[in-house]
Amino acid sequence: MKHPTLARLAVALATLGAMTPSAFASPPVSVSGSHFMREGKPYQIISGDMHFQRVPREYWTDRLRKARAMGLNTITTYVFWNLLEPEPGRFDFSGGNDVAAFVKAAQAEGLNVILRPGPYICGEWDAGGYPAWLFADPSLRVRSRDPRFLAASDRYLQRLGKELAPLMASHGGPIVATELENEYGSYNDDKTYLADIRDMLKRAGLADDLLLTYDGPDLLAHGTLPDVTAVIDFSPGEAKKSFEMLERFRPGSPRMAGEYWAGWFDQWGGKHAATDAKQQGDELAWMLKQGYSVNVYLVHGGTSFGFMNGANFQGGPADHYAPQTTSYDYDAALDEAGRPTPKFTRFRDIIAKATGTTPPALPPSHPVRTLPAFTLGESASLWDNLPAPQASDLPRPMEAYGQAYGYTLYRTTVRGPFHGSLYLGEVRDYAAVYLDRQPRGTVERRLKQVAVDIDIAAGEHTLDILVENSGRVNYGPHLEDGRAGLVDPVMLGETILHGWQVFPLPMTSPDTLRGWTTAKVEGPAFHRGAVTIDTPADTFLDVRAFGKGFAWLNDANLGRIWSIGPQHDLYAPAPWFHHGANTVVVFDFDTRDRPVMRGVDRRLWSDPPKTP
């Protein structure tokens, strides 16, 4: 029998032999006075945000390699809880959710990692990353000391720790820091809550290295703890003032821009963000010259595929619900398809000059191609594709029916004659009203609408209300109520309507759709076509033939379509195409007769940005 110590040594040596050299490339980063320190020397973190769940897994290495070629030494990533735990206690770390694989890919490119695990992350992501099932019980309060919320958060963080604790820098991995919650000072001032989350991270092994809080400089007092390093988030033009505020709050502490907003996100009905690359470059140069650490938000935005976009709703008198687009291009240094922009070149040159180093060579980008026009010549009515209904005396939010995302159809019977208001309350978030399957108007939360005028002839009629969850609020006081669908009683005049049938429509796959026809289909419907590809390549699918809905490419939900813009295309990555025939299915609220799509190699924004 071998001596136990020798046996352990043999295992350790075998493990070391199997590790790649990059496994030793990430010594811990610590704090000493006003500096981050690494291997006994002051260390400047030069980072960029890139969210792995917004990027096809096949492209992780490409995007990371380009980030390194811009001169970054660190990559920062959110972790979206809702994708990892789609149902309570059921975790999914496969495919694009394999956060450990992403972290290892970053290490292989010589990058540190800053982890932003939540449980709340904002990020213009549905509900700030919270799973939809948290909102099934309206009495549960997220982002609070509600024991039910804390228990769910703890379960998630402990499970995440099993994936990532071995990859902390103190254990030889690349994760040099972990964020404690996110911008909590903008939401509340509960130090006990922050301490609860900190303790969860410690138990999960995710706080063995640096722990950071991110806040606006004017909210630092609310959002951090005395034993946690505070970093600051701010817009271009605010660097000098923001760092002065950090110095007053924490004299002699490390100086870091946790989020330097070098771009901005888009909202439906607005203009595409086109920000000032020169101003951002000049300010980045100034921060680096001061020796400050910087995280550029974002180096690459990616895409909020499927139904994962969030929405803003601050809650002020003039504010309104504002859902974000599927595209998270963000006017970033790398565009949505991963192509370097002029901003990338400007930032790379500035970082090289500030650090006195030559960055690695920039790898070539994947091709973005055009595709010839193709017709979606088959259609299938939504009315022919309804699931079995659930009975409900009053309409309830979609979470009450076990649904997380997509659409919900509410149906009841009404009697006429009637002329007046059909009150729907605060719809979450877009509703189309049909009487005997004929359209009778829409209600938009975005426009603060709550009712439609309706004429009902004598006799009995079927009333259908088709509601789209357009994206849960990800920031501000409305975050705590993430219910989707209908949340108020529906009233016909002064009468509350009872006796509903509810049809959950999560739209998870086009494979079960039936009733396809080449004839014109009136009303809400699915439209199907095929495009043949010889060599798969990235493209942007032109969706200007449609009004409001979403699109599948094969079995992948590419995201939302809305004719109000500014986004009029959907990014379709090459790995999601097949050699040969590919199926595209689009759902649209309104009647479409043999709509035509094509692939384009340039973006179709409502307002094209100016060239920097």
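Counting begins at 1 with the first residue of the sequence.
- Of all heavy-atom pairs between K66 and P363, the closest is CG-CG, 3.8 Å.
- For the pair R446 and Y321, the cation-pi criterion (under 6.0 Å, within 45° of the ring axis) is not fulfilled.
- Residues N469 and R428 have side chains that never bring a donor and an acceptor to within less than 3.5 angstrom of each other.
- Ring geometry for Y410 versus W500: interplanar angle over 60°, hence perpendicular rather than tilted (30 to 60°).
- A salt bridge does not link D601 to R369: none of the charged side-chain nitrogens sits closer than 4.0 Å to a carboxylate oxygen.
- Side-chain N/O atoms of T275 and D331 include a donor and acceptor closer than 3.5 Å.
- The aromatic rings of F265 and Y330 lie tilted to each other, with the angle between the two planes from 30° to 60°.
- Residues D488 and E426 share a closest heavy-atom pair of OD2-N, 2.9 Å.
- The side-chain tip of K548 points at the ring of Y430 from less than 6.0 angstrom away and within 45° of straight on.
- For the residue pair D92/S94, the side-chain donor-acceptor check at 3.5 Å is satisfied.
- Between the CG atom in N474 and the NE2 atom in H478 there is a gap of 12.5 Å [rounded to 0.5 Å].
- Taking the side chain as every heavy atom from C-beta outward, R514 and N385 approach each other to under 4.5 Å.
- In summary, the side chains of R560 and T325 do not present any donor paired with an acceptor at a separation below 3.5 Å, with no hydrogens or angles considered.
- Residues A311 and P323 approach most closely at CB-CA, 3.6 Å, considering heavy atoms.
- Side-chain atoms of H366 and D538 form no donor-acceptor pair, as typed in the model, at a separation below 3.5 Å.
- F344 CZ to M70 CE: the interatomic distance, rounded to the nearest 0.5 Å, is 6.5 Å.
- A donor-acceptor pair is defined here as one N or O able to donate and one able to accept, closer than 3.5 Å; such a pair exists between the side chain of T341 and the backbone of K343.
- A side-chain donor from one of H568 and S606 sits under 3.5 Å from a side-chain acceptor of the other.
- Considering all non-hydrogen atoms of both residues, F135 and L479 come closest at CE2-O, 3.8 Å.
- F102 has its ring centre less than 6.0 Å from the ring centre of F52.
- Residues F307 and D126 form no side-chain contact, since every pair of their non-hydrogen atoms from C-beta on lies 4.5 Å or further apart.
- Counting heavy atoms from C-beta on, the side chains of W383 and V521 never come closer than 4.5 Å.
- Although no hydrogens or angles enter the test, the distance criterion places no donor-acceptor pair under 3.5 Å between the side chain of T539 and the main chain of L541.
- Contact check on E109 versus R68 returns no salt bridge, with no Lys/Arg side-chain nitrogen under 4.0 Å from an Asp/Glu carboxylate oxygen.
- No side-chain donor-acceptor contact under 3.5 Å links Q324 to the backbone of D266.
- The cationic group of R143 lies under 6.0 Å from the six-membered ring centre of Y120 and within 45° of the ring axis, placing it in a cation-pi geometry.
- Note on ring orientation: taking the six-membered ring where Trp is involved, the planes of W133 and W81 are perpendicular (angle over 60°, cut-offs 30° and 60°).
- How far CG of D588 is from CZ of F550: 10.5 Å, rounded to the nearest 0.5 Å.
- The structure places CZ of F305 at 7.0 Å from CG of L558, a figure rounded to the nearest 0.5 Å.
- Here the CZ atom belonging to R594 is positioned 9.5 Å from the CD atom belonging to E378, to the nearest 0.5 angstrom.
- A donor-acceptor pair shorter than 3.5 Å can be found between the side chains of Q403 and T408.
- Within the 4.5 Å cutoff, no side-chain heavy atoms of P477 are placed close to those of F313.
- The main-chain N or O of L206 is found under 3.5 Å from a side-chain atom of T178 such that the two form a donor-acceptor pair.
- Contact annotation: the side chain of V296 never approaches that of W261 to less than 4.5 Å [non-hydrogen atoms, C-beta and beyond].
- A donor-acceptor pair shorter than 3.5 Å can be found between the side chains of N295 and S47.
- Taking 4.5 Å as the limit, every side-chain heavy atom of L298 sits out of range of all side-chain heavy atoms of M50.
- Here F589 and Y407 bring their ring centres to under 6.0 angstrom of each other.
- Annotation for A337 and V368: closest pair CB-CG2, 4.1 Å, computed over non-hydrogen atoms.
- At least one side-chain heavy atom of R603 sits under 4.5 Å from a side-chain heavy atom of Q567.
- Judged purely by distance below 3.5 Å, without hydrogens or angles, the side chains of E124 and Y328 pair a donor atom with an acceptor atom.
- Remark: the backbone N or O of A484 is paired with a side-chain donor or acceptor of E399 at under 3.5 angstrom.
- Side-chain polar atoms of Y405 and N82 form a donor-acceptor pair below 3.5 angstrom.
- For the pair D569 (side chain) and D542 (backbone), a donor-acceptor distance under 3.5 Å is absent.
- Judged by distance alone, with hydrogens and angles left aside, the side-chain atoms of R396 form no donor-acceptor pair with the main-chain N or O of L486 at under 3.5 Å.
- Ion pairing between a basic and an acidic side chain is recognised when a charged N comes within 4.0 Å of a carboxylate O; E444 and K448 show no such pairing.
- Panel note: side chain H579, backbone D534; a donor-acceptor pair is recorded below 3.5 Å.
- Judged purely by distance below 3.5 Å, without hydrogens or angles, the side chains of Q53 and N97 pair a donor atom with an acceptor atom.
- Relative ring orientation between Y78 and F80 is described as tilted, the plane-to-plane angle lying within the 30° to 60° band.
- Of the residues listed (Y297, W125, W60), the one engaging H51 in a ring-ring contact (aromatic ring centres under 6.0 Å, His included) is Y297, and it is the only one.
- With a 4.5 Å cut-off on side-chain heavy atoms, I114 and I175 do not count as touching.
- N557 places a side-chain N or O within 3.5 Å of a backbone atom of G559 that can act as its donor or acceptor partner.
- With a 6.0 Å cutoff to the six-membered ring centre and a 45° limit on the axis angle, R141 does not count as a cation-pi contact of F149.
- By the 6.0 Å and 45° rule, R472 does not stack over the aromatic ring of Y130.
- Taking the six-membered ring where the residue is Trp, F546 and H527 present tilted rings, their angle falling between 30° and 60°.
- By the 6.0 Å contact criterion, CZ on R602 is open, its count of non-hydrogen atoms from other residues, nucleotides or ligands being 12 or less.
- The distance from atom CG of L466 to atom OG1 of T442, rounded to the nearest 0.5 Å, is 11.5 Å.
- Residues A519 and S379 share a closest heavy-atom pair of O-CB, 4.5 Å.
- Taking 4.0 Å as the cut-off between side-chain N and carboxylate O, R411 and D464 count as a salt-bridged pair.
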